**Q** 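This is the structure, below, for whatever I ask next.
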Amino acid sequence: MGSWFRIVAAVVAMSAAGGVAAAQSPFPSKPVHIFVPYAAGGGVDILARTLGDVVSRQWGQTVVVENRPGAGGVVASQALVASPPDGYTLIVVASGHATNPFLYPKIPYDTFKDFTPISLLASSPNILLVRTDSPFKTLGDMIAQARSKPGSLSFGHAGTGTSTHLAGELLKNLAKIDLNAIPYKGGAPSINDLLGGQIPMSFNNGPESVGQLEAGTVRALAVTTASRASFLPNVPSMAEAVPGYDTEVWWGLLGPAGMPADLIAKLSHDFVAALNTDPVKERLGKLGASPIGSSPSEFDAKIRADARKWGPIIDAAGMKAE
């Protein structure tokens with residue numbers, strides 16, 4: 001009988017040890033999924049896949065990027081908040097994540113309570129474009145006409161509530177001018193109408209603008225960040241003519257709420273390290289984007305600051321999601 005008890009005790013001890021070992025397996029011990037709230041091929045998708053390739057080699061585990069477009073990012077975000085907070089499901093969001101609560105009347109999650117900020121990854125300016133034969137040689141020229149003939153000018157943008165739309169609304173607000181905002185289903189159709197002469201100017205992001213600028217079909221009046229962009233050093237910043245103007249497109253990494261502190265720290269460390277590798281820097285440079293790599297608390301502060309900044313502007317403009 002004594003021998004039998006010793007055998008049982010040994011089996012129980014081995015099982016307990018195995019359970020502890022399994023519970024303490026180093027992260028990640030299986031594939032990590034990253035949601036992208038937009039279709040394949042866009043800036044967010046390229047960034048997620050570029051970073052995913054780097055961290056997967058570092059971890060020795062597969063990183064699966066899943067495109068879940070819909071409702072300006074709400075579809076993918078809703079799927080994320082329903083996932084376990086174990087680090088195996090993450091999302092790369094764009095700056096619209098902070099403004100969606102103002103655009104959608106019944107958003108199915110709390111933007112601040114239902115997510116774990118991990119790191120602000122990168123940012124890029126938007127660009128105010130005109131055709132090369134435009135009479136506007138500077139941003140000051142355009143503002144002067146807008147003031148002398150209120151409502152006579154319009155700008156194209158990628159859709160209601162997008163960063164390019166908000167860039168135009170911020171210009172209207174700070175420069176005290178009246179411009180008509182013309183929504184398109186993406187930045188490329190807006191550029192097409194700009195080239196065709198249907199609109200006098202268009203706000204577009206870096207990736208969709210660089211090719212047209214290099215081809216000489218459009219001219220950049222200004223970039224939307226507070227200082228000049230390194231990939232367009234001869235183009236003024238909007239703030240040089242409109243003090244206080246500063247906006248951008250940013251991308252960041254989030255997890256579900258309730259993630260353990262040590263897991264948050266590891267993910268933040270590993271993705272920031274990936275941002276500092278040459279392949280990622282090179283890829284971002286070609287997109288006209290700059291790597292950031294922030295702490296979780298800094299990213300949380302950025303989301304909250306953007307909500308405070310854009311909420312009143314969105315409400316004043318009467319913007320609602322299409």
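Any value given below was found using the heavy atoms of this structure, including those in side chains, with hydrogens, waters and symmetry copies removed. If you're wondering where the values come from, they're calculated on a predicted model, not measured in any experiment. Positions are given from 1, in the same order as the sequence printed here.
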**Q** With a 4.5 Å heavy-atom cut-off, do Phe35 and Val65 have their side chains touching?
**A** no
**Q** When you check the gap from the basic side-chain N to the acidic O, do Arg57 and Asp53 get nearer than 4.0 Å?
**A**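 Result for this pair is no, no salt bridge flagged.
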**Q** Should the ring pair His97 and Tyr109 be called parallel, tilted or perpendicular, given that the plane angle runs from 0 to 90° and is split at 30 and 60?
**A** parallel
**Q** Measure the acute angle between the ring planes of His165 and His157, then classify it against the limits of 30° and 60° as parallel, tilted or perpendicular.
**A** parallel
**Q** Are Ser202 and Ser190 linked by a side-chain donor-acceptor pair shorter than 3.5 Å?
**A** yes
**Q** Give a yes or no on whether a salt bridge exists between Glu248 and Lys302, defined as a side-chain N under 4.0 angstrom from a carboxylate O.
**A** yes
**Q** With a 4.5 Å heavy-atom cut-off, do Pro236 and Leu139 have their side chains touching?
**A**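 A side-chain contact under 4.5 Å is absent here.
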**Q** Could you measure the distance from the CD atom of Gln78 to the OG atom of Ser83? Nearest 0.5 Å is fine.
**A** 11.0 Å
**Q** Would you kindly say whether Gln145 and Ser148 are connected by a side-chain donor-acceptor distance under 3.5 Å?
**A** no
**Q** Are Val272 and Leu47 in one and the same hydrophobic cluster, where Ile, Leu, Val, Met, Phe, Trp and Tyr link if side-chain heavy atoms are under 4.5 Å apart?
**A**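 No, separate clusters.
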**Q** Is any side-chain heavy atom of Leu103 closer than 4.5 Å to a side-chain heavy atom of Lys320?
**A**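 With C-beta onward as the side chain, the pair stays apart.
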**Q** With respect to Ser209, which candidate in Val223, Leu232, Leu129 satisfies the side chain to side chain contact (heavy atoms under 4.5 Å, CB included) definition?
**A** Leu129
**Q** When rounded to the nearest 0.5 angstrom, what distance separates CG in Leu171 from CD1 in Ile143?
**A** 5.5 Å
**Q** Between Pro312 and Phe102, is any pair of side-chain heavy atoms under 4.5 Å apart?
**A** no
**Q** So how far is it from Phe136 CZ to Leu128 CG, rounded to the nearest 0.5 Å?
**A**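 CG of Leu128 is found 10.0 Å from CZ of Phe136.
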**Q** With a cut-off of 6.0 Å (strictly less than), are more than 12 heavy atoms of other residues, nucleotides or ligands near CG of Asp315?
**A** yes
**Q** Apply the side chain to side chain contact (heavy atoms under 4.5 Å, CB included) test between Pro37 and each candidate in Val75, Val92, Ile91; give the one that qualifies.
**A**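 Result for side chain to side chain contact (heavy atoms under 4.5 Å, CB included) with Pro37: Ile91.
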**Q** Is it the case that the side chains of Tyr184 and Thr164 hold a donor-acceptor pair, with the cut-off being a distance below 3.5 Å and no angle test?
**A** no
**Q** Do Asn204 and Asn126 have side chains that get closer than 4.5 Å, going by heavy atoms?
**A** no
**Q** Looking at Asp262 and Lys266, does any basic side-chain N land under 4.0 Å from a carboxylate oxygen?
**A** no
**Q** Are Ser297 and Ser295 linked by a side-chain donor-acceptor pair shorter than 3.5 Å?
**A** yes
**Q** If two hydrophobic side chains count as joined below 4.5 Å and joins carry through other members, does Val55 share a cluster with Val64?
**A** no
